[in-house]
Each structure stands twice: as C-alpha cells, then as structure tokens.
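From a predicted model like this one, the values you see are computed outputs, not experimental measurements. Both backbone and side-chain heavy atoms feed into the values below; hydrogens, waters and symmetry mates do not.
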Amino acid sequence: MKRALRLKNLFLTVCFLLIGTAAFSQERTITGVVTDSFKEPLIGVSIVVQGTNTGVVTGLDGDYSIQVPPNATLDFSYVGMEKQSIKVGNQSVINVQMKEDSQMLAETVVIGYGSAKKRDLTGSITNIKGDEIANKPVANPLSALQGKVAGVQIINSGKAGADPEIRVRGTNSINGYKPLYVVDGLFNDNINFLNPQDIESMEILKDPSSLAIFGVRGANGVIIITTKKAKEGQTRVNINGSFGFKAITNKIAMVDADGFKLLYNEQLKNEGNPEYNFSDWTGNTNWQDEIFQTGFITNNNISITGASDRHSFYLGAGYAYEQGNIKHEKYSKITLNISNDYKVTDNFKVGFQFNGARMLPADSKSVATALRAAPVAEVYNKEYGLYTSLPGFQKAQMNNPMVDVELKANTTKAENYRGSGNIYGQWDFLQHFQFKAMFSLDYASNSTRTYTPIIKVYDASAEDDIATLGTGKTGVTQAKETEMKVQSDYLLTYTNSWGDHSLTATAGFTTYYNKLENLNAGRTQGVGLVIPDNPDKSDILDKIKAADPDLESAVLCITSHSARPTGQPSAEWYRHPDRSRTPSVLQLPPAVSCPECRCQR
C-alpha cells in the first residue's frame, strides 16, 4: 500500500514538473507600434528575434505582432535609422521610437554635376562603397553589384569578362535598356575598362527627380562612378591579390541516350513516320560535361598613394585573369589609374586623372548546341582521330558541340585598348562661389580577327567516312573600330547656409563630341593554298619546307597571262639554277619573282 502511494506521489510530481516546464517554455505574443522621431508610424520596419530567422515587418499603421520565446531580444532596424535591440522580459507590449542615423544621413553622395548629403535628398539614390565592390572576385565592376541594390536587375552570363545585363529602370523602350555611366564626370556607355579596386564609390540614380539634369540620356537610369584619389596622410603602398575557381553547379537535367531514343521514336510514331534506326548510334554522351570546365580567376592590384596639404597623388595598377565556364575561354585585363591634384593657392586647384586598360576578350562559345545535340552520338572517333558528326536528323542544323569548343577555339582574337582621363581647374572666390572647368577625353581602339578553318569530322554516311563541314575553304575577316569622345564642362556653384537653412545653386554648360570609325575586311580561300591562320605574315616557306625539306631555295615566279578568263596572274613552279631536283607540285599563292630562276614545266 505504501509502495503504491509512493509511486502515485512520484507520478504526480513528474506531471507537475512537465506542466511547469511546458508553461515556462511556451512562446508569447508581443505587440506594439513603431514610430519615427516625430511620432509618425513607420511602415516596413524589420523586427527580428535576435539569433534566429524569425521576424516580421510593421504594417500601414506601424503596428506589429510577433511570437517570441521567453528571455528573447528583439532587433528593430530601418533604413536611415539607428538599429535598436530590446529585451522582452515580462513585457507583452513594446512600443519603439526610432532615431535617425546621423552618421548615415551626413554621408555625401554624388548627384549629377555636384554632391549632396543624404539628409538633403528627396530622390531615389543608392550609394555603394568601393569596399563592397573590391571584395568580390570579379573582373567587371558591375558584376559586383548583383543583389546589392533593390530594384536593379543584374544578370551575369558566366562568360569570361562579359558585361552583365543591367536594368536600373526596367525596359523602357525597344531601343535599349542600358543606363548612362558617368566616370569622373565623363559620359560613357560601359565601365568594363575600370579596375574594381580603383573605384571609390558608385551612385545609382533611379527616379525622375535625380535624373532630370541628364535629360533624355538618363531615361534608363544613371550610374555615377568616382575613382579613387589620394587622401591626406603619409605615403602608402597597398598590394593585394586573390584567386578562386568557378564551376557550373546546377546543370540542366537531360535525358540519357535510351531515354532520347524512346522519346524521339515516340514522336515519329505520333507523326505517322517510321522509327529511326539507332543501331549505329551507341553513344551515351552528356554534352554539358564535355564542354564545361572549372574556371580559374585571379585579381592582383598594387596602389601607391600619398598627400600633403597642397599636393596629392594616386597610382594604381591591376591585372585580372578569368577562365570561362566553357573550355578554352579566357579573358585578361591590365589596368592603370593615375590621379594628381595640386593646390596652387588656397583658392585655386588644378589636377588630372587617367584610367587606361588593355583587354583581351574571350572567344566565347554558346551552350545552346550542347543542350540540343542528341546524346546518342559519340564524342570522338579514335580510329580516324576525328570528332563525330551528329545523326542525320540533326547534322544539317548543328554540329558536334566539341567542334566549336575545340576545333574553333581561339579562332576569334580581339585586342581592345581604352584610355579615359580629364584635366581640371577649380577656383573658389567671393566666399560662396566656385567655378570649375574640366576637359575630358575618352579613346577606345578595338581590333578583332576571325579565322575560318577547314574542319573535317567522322561521318559513317559520307564518302570515305569523312565529311567536310561548311564550304571546305578557309577564310579570314578583320575589323578595326576606333571611338573618341571629347567633353568639356563649365560649372558655377553658389553655396550658402544660415541657421538651419542651406542653399546650393549650380549653373553650367557642357559640350560633348563623339566620333566613331569602323573598318572591315574579309577574304575567302580561292583555288590556291589555304589561308594561313597567321595575322602577321604568310607561312609559304614553311609549307614548302614541309612538302620537301630539300627545297629551301625553291621560289615561285609569277607570270601574267592576259588571256586568262579571270585576268589574274598564274603561278608556275621554278627552281634555282644550282638545284637539279624538280620541286613537288603544290598550289601556292603569288610570291616574289626570280629573274635568275628557270621554269620547270
């Protein structure tokens, strides 16, 4: 009896303890209202339980309701306001009055032809510090903005060194969506020539009030870039470098060879056509695995800066190298940034700035073929040492993806140079006035050469099992583009303040000149030898020696035959008098004449 009573008491004790623990650990509802310094309700204030992902935002009346565990701490945060942390304790209602972040509101941002403090702005301007751009492993500064600015769409293609697609104000017209870039006061169409390490800040202007001064050129938004200049202090040398790797982690799921055969034959059956005979197609290839690689990326920079009360200078140099996600894609860029400012007097200052770059763009290929090519084809035929063609129902539309990736790798070579700079003079007079004159120049030179090789692939349905793609002739095209932009700005600014009021007025005049030149040329192989893939010189002698090493003195003489239908000179083989052997018969393009040679007929 006593034992049963003890067990009963023990059971009741455990039940009371469990009930007490459950009651103690039960979450409570906390409500309240969040207001600003004028006791007006704030909409969209973020309220998060510290150390967790649990959170809510305030509604239209600044009110909120959140479930919290005992001894929780709530974090209240809002743009332009100081963050506040409040312990819940025994409270069930917590009203919070947010305070303005004076340090953030005092920050200076660049707007159009001047600058202003954040607290004085009514437009939508987002400021990005240079440190937020420099700490990203990217070669293009715009790529570092992805996910940092609300409402701005930035899409990186993944191609080495490629400009990302950026929309500041959406797609406003059929003529384009690219924003206007202003680099140290100079209008530009892109900023791929800048080194991310040399950027001091970026301001993104989105709304009409902040864009009005740029007129129609600012319709798609404006991004203002300020590059680094020296600050007062001792001379400093800064060296930094980074490297990393990039890879495709989420490939598009594709059917294997068996699945493709099943689905394709089912399609033919539904169309009333006979099934395709896949007996000769025994491959099972994932073309994405064949074309993709793990890319290497590195950024290296060195800067020297120094300043005194009258003179300041900044020198920065950088090297960036990036491999693409597709094999053989590579991009490199060398940059240089120089700035110098000198105070002639306390009221007069002069200076200059220069940004230069040499870029070698990647010969980028497409992923589309790898997604469309049938997986039933083998990648490579070892017997013939050639890449294989695709099945008959595809080879007329596309080639083996590896043809573009491997056989056409680096057939397009580009070399781009860009130099942008300005000189300025600034004069402060009559206490409240400032006059600034700036002359800017931007020069770009882009060269591109594309070579078309002869490509052969293994094709069991072709004669001798070898097929030649395209026309079977070599070709070369070359393009040269130069662009020069000249801009001058004359600005007069009046600044004054009294009591709690301030006034800034700016009047100015800008001239802008743009000149663009293009030169294009191309040549396709005729009836002679193939066009060599050599941008500097012809390799005729190399071909002669390859055909017969003993014919080092063999030359080709040219005779003109007006009776020929084409009216072009004909090529005939000659040999030097001291050679007794007749050269092998080769079709060669015209070369220099040789009066002392005898024709071998």
Side-chain angles (χ1 to χ4, degrees), residues 22-111 116-129 132 145-154 167-172 202-212 218 221-222 499-502 504:
F24 181 75
S25 61
Q26 186 177 5
E27 291 188 343
R28 292 185 297 142
T29 301
I30 304 297
T31 60
V33 177
V34 182
T35 58
D36 59 14
S37 57
F38 300 101
K39 297 186 178 180
E40 294 292 331
L42 282 175
I43 306 170
V45 177
S46 175
I47 305 163
V48 179
V49 179
Q50 196 175 85
T52 70
N53 294 324
T54 303
V56 296
V57 294
T58 56
L60 294 175
D61 298 323
D63 57 333
Y64 71 93
S65 176
I66 186 172
Q67 298 284 332
V68 300
N71 301 324
T73 300
L74 294 178
D75 291 335
F76 295 80
S77 59
Y78 190 74
V79 176
M81 302 287 184
E82 293 181 356
K83 182 178 179 180
Q84 296 188 36
S85 298
I86 300 176
K87 290 186 177 181
V88 173
N90 297 323
Q91 304 177 82
S92 58
V93 178
I94 301 178
N95 296 323
V96 178
Q97 185 176 16
M98 303 294 287
K99 299 179 181 179
E100 291 183 348
D101 189 341
S102 58
Q103 181 178 359
M104 178 181 292
L105 294 176
E107 289 182 353
T108 301
V109 295
V110 179
I111 51 168
K117 294 183 178 180
K118 279 190 174 181
R119 62 159 52 93
D120 298 329
L121 298 176
T122 58
S124 177
I125 298 178
T126 303
N127 175 263
I128 305 296
K129 297 296 183 184
E132 300 180 59
L145 297 181
Q146 192 170 34
K148 287 187 174 294
V149 184
V152 176
Q153 302 174 7
I154 298 177
R167 287 178 171 88
V168 175
R169 306 187 71 212
T171 303
N172 294 327
M202 277 191 189
E203 276 77 29
I204 301 177
L205 285 59
K206 296 186 287 184
D207 71 311
S209 64
S210 59
L211 297 172
V222 175
D500 295 332
H501 306 280
S502 63
T504 299

statement: Looking only at heavy atoms, the pair that brings I47 and V34 closest together is CD1-CG2, 4.4 Å
- request: For L74 and V49, run side-chain contact (heavy atoms from CB on, under 4.5 Å): C-alpha distance rounded to whole Å, both residues' side-chain angles, the deciding distance at 0.1 Å, then the answer.
  value: CA-CA 5 Å; L74 294 178; V49 179; 3.9 Å; yes
Side-chain donor/acceptor of Q84 to backbone N/O of Q97, under 3.5 Å: yes
task: Identify, with sequence neighbours excluded, every residue that meets side-chain hydrogen bond (donor to acceptor under 3.5 Å, both in side chains) alongside S85.
output: D75
field: Shortest non-hydrogen contact between N95 and V33, atoms and distance
entry: OD1-N, 2.8 Å
- line: K83 and S77 have their tightest heavy-atom pair at CG-CB, 4.3 Å
query: Where the side chain of T58 meets the backbone of G44, is there a donor-acceptor pair that is under 3.5 Å apart?
result: yes
- line: In short, L205 meets V168 closest at the heavy-atom pair O-CG1, 3.9 Å
- prompt: Are any non-hydrogen side-chain atoms of I204 and L145 less than 4.5 angstrom apart?
  reply: yes
query: So E203 and N127, side-chain contact (heavy atoms from CB on, under 4.5 Å) or not? Walk me through it.
result: CA-CA 5 Å; E203 276 77 29; N127 175 263; 2.3 Å; yes
query: Can you tell me if Q67 and T29 form a side-chain donor-acceptor pair at under 3.5 Å?
result: yes
statement: Minimal heavy-atom distance between G62 and P41, with the atoms involved, is N-CB, 3.9 Å
- prompt: Do you know which two heavy atoms are closest between V57 and S46, and how far apart they sit?
  reply: CG1-CA, 4.3 Å
If you look only at distance, which donor and acceptor atoms sit under 3.5 Å apart when one is on a side chain in residues 86-94 and the other is two or more places apart or in another chain?
from : atom 1 : to  : atom 2 : distance (Å)
Q91  : NE2    : K87 : O      : 3.1
Q91  : NE2    : V88 : O      : 3.3

